[in-house]
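All chains are named by letter (A, B, ...) in the order of the sequence lines, taking the proteins before the strands, and each is independently numbered beginning at 1.
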Protein chains: 2
Amino acid sequence: MTNGDVRIQEKLFSSETLGKTMNENALKITDDLVIEDKPDIKKYSLDGVLNRVILGDALKVLKKLTEESVDMIFMDPPYFLQLPNKKLRRWTVKTEVDAVNDDWDKFESFEEYDNFIKNILTELKRVMKPNATIWVIATYHSIFRIGKIMQDLGFWILNDVHWVKTNPMPNWLGVRFTNATETLIWAVKDKKAKKYTFNKEWAKKFGIGKVGANVWVLPICNGKERLKDEKGKKLHSTQKPIELLKRVILTSTKEGDVILDPVAGVGTTGYIAKALNRNFIMIEINPKYVGGIKKRFQKPLNINLNISQKKQRKIQEYLNLGE
Amino acid sequence: MTNGDVRIQEKLFSSETLGKTMNENALKITDDLVIEDKPDIKKYSLDGVLNRVILGDALKVLKKLTEESVDMIFMDPPYFLQLPNKKLRRWTVKTEVDAVNDDWDKFESFEEYDNFIKNILTELKRVMKPNATIWVIATYHSIFRIGKIMQDLGFWILNDVHWVKTNPMPNWLGVRFTNATETLIWAVKDKKAKKYTFNKEWAKKFGIGKVGANVWVLPICNGKERLKDEKGKKLHSTQKPIELLKRVILTSTKEGDVILDPVAGVGTTGYIAKALNRNFIMIEINPKYVGGIKKRFQKPLNINLNISQKKQRKIQEYLNLGE
DNA sequence: CGCTCCCATGAATCCAAGG
DNA sequence: TCCTTGGATTCATGGGAGC
């Protein structure tokens with residue numbers, strides 16, 4: 001452990017570690033980690049984008065990627081939160097749009113959102129190898145639309161995996177159940193796809209029960225793991241936990257695989273991919289987030305492969321029913 | 001407890017009981033419990049169908065029901081499982097999995113399925129009171145389509161509630177995560193609907209954690225609770241657990257409310273509704289299932305309102321992580 | 001009657017190879 | 001594409017036989 005290393009010590013998830021940090025090559029990557037997409041670039045070779053972050057529009061960049069070139073995709077798209085104050089938070093930019101007519105706006109917004117998802121998924125399907133798999137995560141605000149679009153595009157759903165948060169924001173008003181879950185859809189390109197990667201042993205370790213169930217219990221991203229800006233504010237509003245990506249990657253990829261994240265945010269996917277000896281391709285349009293990724297990649301990471309006894313106790317405690 | 005009573009003693013869900021069984025009136029209901037729908041019937045009054053099972057096609061019957069007349073709807077539609085033709089064999093005991101193979105779950109295409117769901121939901125929305133709520137349950141095979149259609153029809157989703165089964169059938173070939181969940185969508189008619197019924201105390205009791213989370217852990221329906229035909233085979237391939245309906249009804253209705261189940265199956269919804277002093281309207285097209293309902297209603301039921309210590313231990317045990 | 005052992009079974013989009 | 005068959009992957013639960 002060299003000076004300046006800031007190892008992410010997930011207190012709740014530490015017992016044994018992989019014993020491998022990102023190697024020198026991985027660290028050198030930071031020099032030319034980012035590629036800026038430009039209109040005059042017509043096509044990207046796989047080698048040209050491997051272990052790179054492409055600063056640019058997801059859809060535009062995806063169209064330039066090589067077909068059947070990636071082994072796994074993780075996508076964490078905008079969630080399309082419709083806020084109750086009659087304003088919509090759009091996924092494109094952080095502007096608030098007045099809802100003049102609720103019905104009209106709802107229809108417009110759904111259609112716009114659906115098209116965005118459909119277009120991205122269409123390109124993602126194109127760049128997937130025949131036996132690649134894809135993960136998409138969202139909450140109930142949009143996961144149903146996404147799943148339906150995926151089925152319509154011919155994706156064959158393998159599982160819905162439910163992330164149960166041990167520390168959700170309680171619903172203080174008491175007007176509905178506390179929303180403590182996010183849903184991940186895991187799918188292959190089409191019904192015929194066989195021999196995709198599925199590491200049963202990891203799945204059994206992560207899922208509750210003894211059968212490797214489609215339910216993962218883990219906390220949201222906070223503490224040292226959470227990236228902050230210069231003002232100490234969180235850099236990204238929905239940064240995903242390392243543990244989540246660890247599970248996704250370990251259950252569905254092999255070492256050396258190519259993992260694509262088209263809406264990378266602060267780059268958790270690529271960061272964990274690298275630490276687990278996978279390759280990544282990330283796309284992100286927001287320079288602020290890309291800056292966060294660059295900073296992040298300067299620091300190696302130990303991934304704790306096992307879940308500690310202490311964490312197990314914490315989770316059990318959380319899951320306790322009744323009084 | 002009179003002679004001949006067969007009380008369902010859910011061993012795992014007994015500690016305190018409601019102390020009320022279905023009363024004499026409820027039992028008398030069995031005499032004229034079933035109404036057969038006919039083309040010459042143009043309209044049903046609310047009184048005429050209250051606490052009755054209508055033998056007929058869901059869509060046709062729904063069109064004849066009074067608008068804005070029900071407080072809550074529970075729908076358990078076909079899931080469109082699309083199971084493969086070849087049966088799955090257990091290699092140890094040389095038996096085959098008796099998977100769902102009912103005609104009612106067969107559709108030609110997603111389009112046909114979508115239309116089926118959309119048409120029913122449209123009528124359901126019509127008969128809902130302004131502040132009524134609706135529950136729809138399904139698995140990943142179709143829940144995404146259903147949710148998307150609901151949103152498009154203007155339903156406003158309050159929660160997705162995840163039923164985690166303590167005893168799912170394992171994915172023993174190890175090609176995907178064991179599918180241990182079903183998803184319930186809980187929604188109001190539209191975004192404007194307020195003051196719908198939500199009993200926070202029950203929600204907190206049922207959901208895992210201390211915040212009333214949207215995750216319910218309970219076993220599938222089996223044992224004495226499971227209805228059998230004369231050959232001892234399960235009467236309905238997808239009978240829902242009493243405990244599930246108990247939770248749905250207690251969290252989202254008041255005593256005296258009208259609960260509609262348009263695809264009633266063997267009538268768990270109405271049966272539990274009655275035991276909890278609610279009113280029901282059920283629609284079911286299959287005479288075999290309606291026969292099951294009639295038989296079922298001849299026996300009173302105690303609902304155990306609390307979850308026993310023993311069951312709590314069992315659930316915790318199931319949820320234990322790691323080895 | 002109680003206990004143990006055995007077996008059946010559950011909303012399952014669960015295999016691969018060869019004819 | 002359909003069907004058969006070899007091979008070697010599964011857990012919680014409850015009923016019933018047997019002791």
- Closest-nucleotide ordering on DNA chain D, the 5'-leading residue of B:Asn85 and B:Lys94: B:Asn85

- Rounded to whole angstrom units, what separation is found between the CG atom of B:Asp98 and the P atom of C:dA11? 10 Å

- Query: Which base sits across from C:dC14 as a Watson-Crick or G-U pair, both distances under 3.5 Å?
  - Reply: none

- Task: Compare the ring of A:Trp156 with the six-membered ring in the base of C:dT13 and state whether they stack (centres under 5.5 Å, planes under 30°).
- Result: yes

- Task: For this output row, return yes or no: ring centroids of B:Phe177 and A:Phe198 closer than 6.0 angstrom.
- Result: yes

- Take the protein atom CE of B:Met169 and the nucleotide atom P of D:dC11, then report the distance between them rounded to whole Å. 13 Å

- Query: Rounding to a whole Å, what distance do you find between A:Lys200:NZ and D:dA8:C1'?
  - Reply: 11 Å

- Query: Taking atom C1' of C:dT9 as reference, at what distance in whole Å does atom CG of B:Leu88 sit?
  - Reply: 12 Å

- Sub-4.5 Å side-chain heavy-atom contact between B:His141 and B:Tyr113: no

- Item | Length of the line joining B:Trp163:CH2 and C:dA11:C1', which is rounded to integer Å | 9 Å

- Do B:Thr166 and D:dT13 share a donor-acceptor pair, side chain to base, under 3.5 Å? no

- Query: Base, sugar-phosphate, or nothing for B:Arg226, non-hydrogen atoms under 4.0 angstrom?
  - Reply: sugar-phosphate

- Determine, using ring centers only, whether B:Phe110 and B:Phe80 are less than 6.0 Å apart. yes

- Is D:dT10 paired to anything, Watson-Crick or G-U wobble with both distances less than 3.5 Å, and if yes, which nucleotide? none

- Identify which nucleotide among D:dG14, C:dA12, C:dC15 has an atom closest to any side-chain atom of A:Lys194, counting heavy atoms from C-beta outward. C:dC15

- Item | Nucleotide D:dC2, atom P - distance to NZ of A:Lys192 in whole Å | 14 Å

- Test side-chain contact (heavy atoms from CB on, under 4.5 Å) applied to B:Phe74 and B:Ile137, B:Thr133, B:Thr268, the passing residue: B:Ile137

- Task: Counting Watson-Crick and G-U wobble pairs only, both distances under 3.5 Å, name the nucleotide matched with D:dC19, or none.
- Result: C:dG2

- Quickly work out the B:Arg90 CZ to D:dA12 P distance and round it to whole Å. 15 Å

- Item | Aromatic centroids of A:Trp186 and A:Trp135 separated by under 6.0 Å | yes

- Message: Would the base of C:dA12 count as contacting B:Lys87 through its side chain, where contact means a donor and an acceptor less than 3.5 Å apart?
- Response: no

- What do you reckon, do B:Trp91 and the base of D:dG7 stack, with centroid distance below 5.5 Å and planes below 30°? no

- Message: I need the CG-P distance between B:Asn167 and D:dG15, as an integer number of Å.
- Response: 13 Å

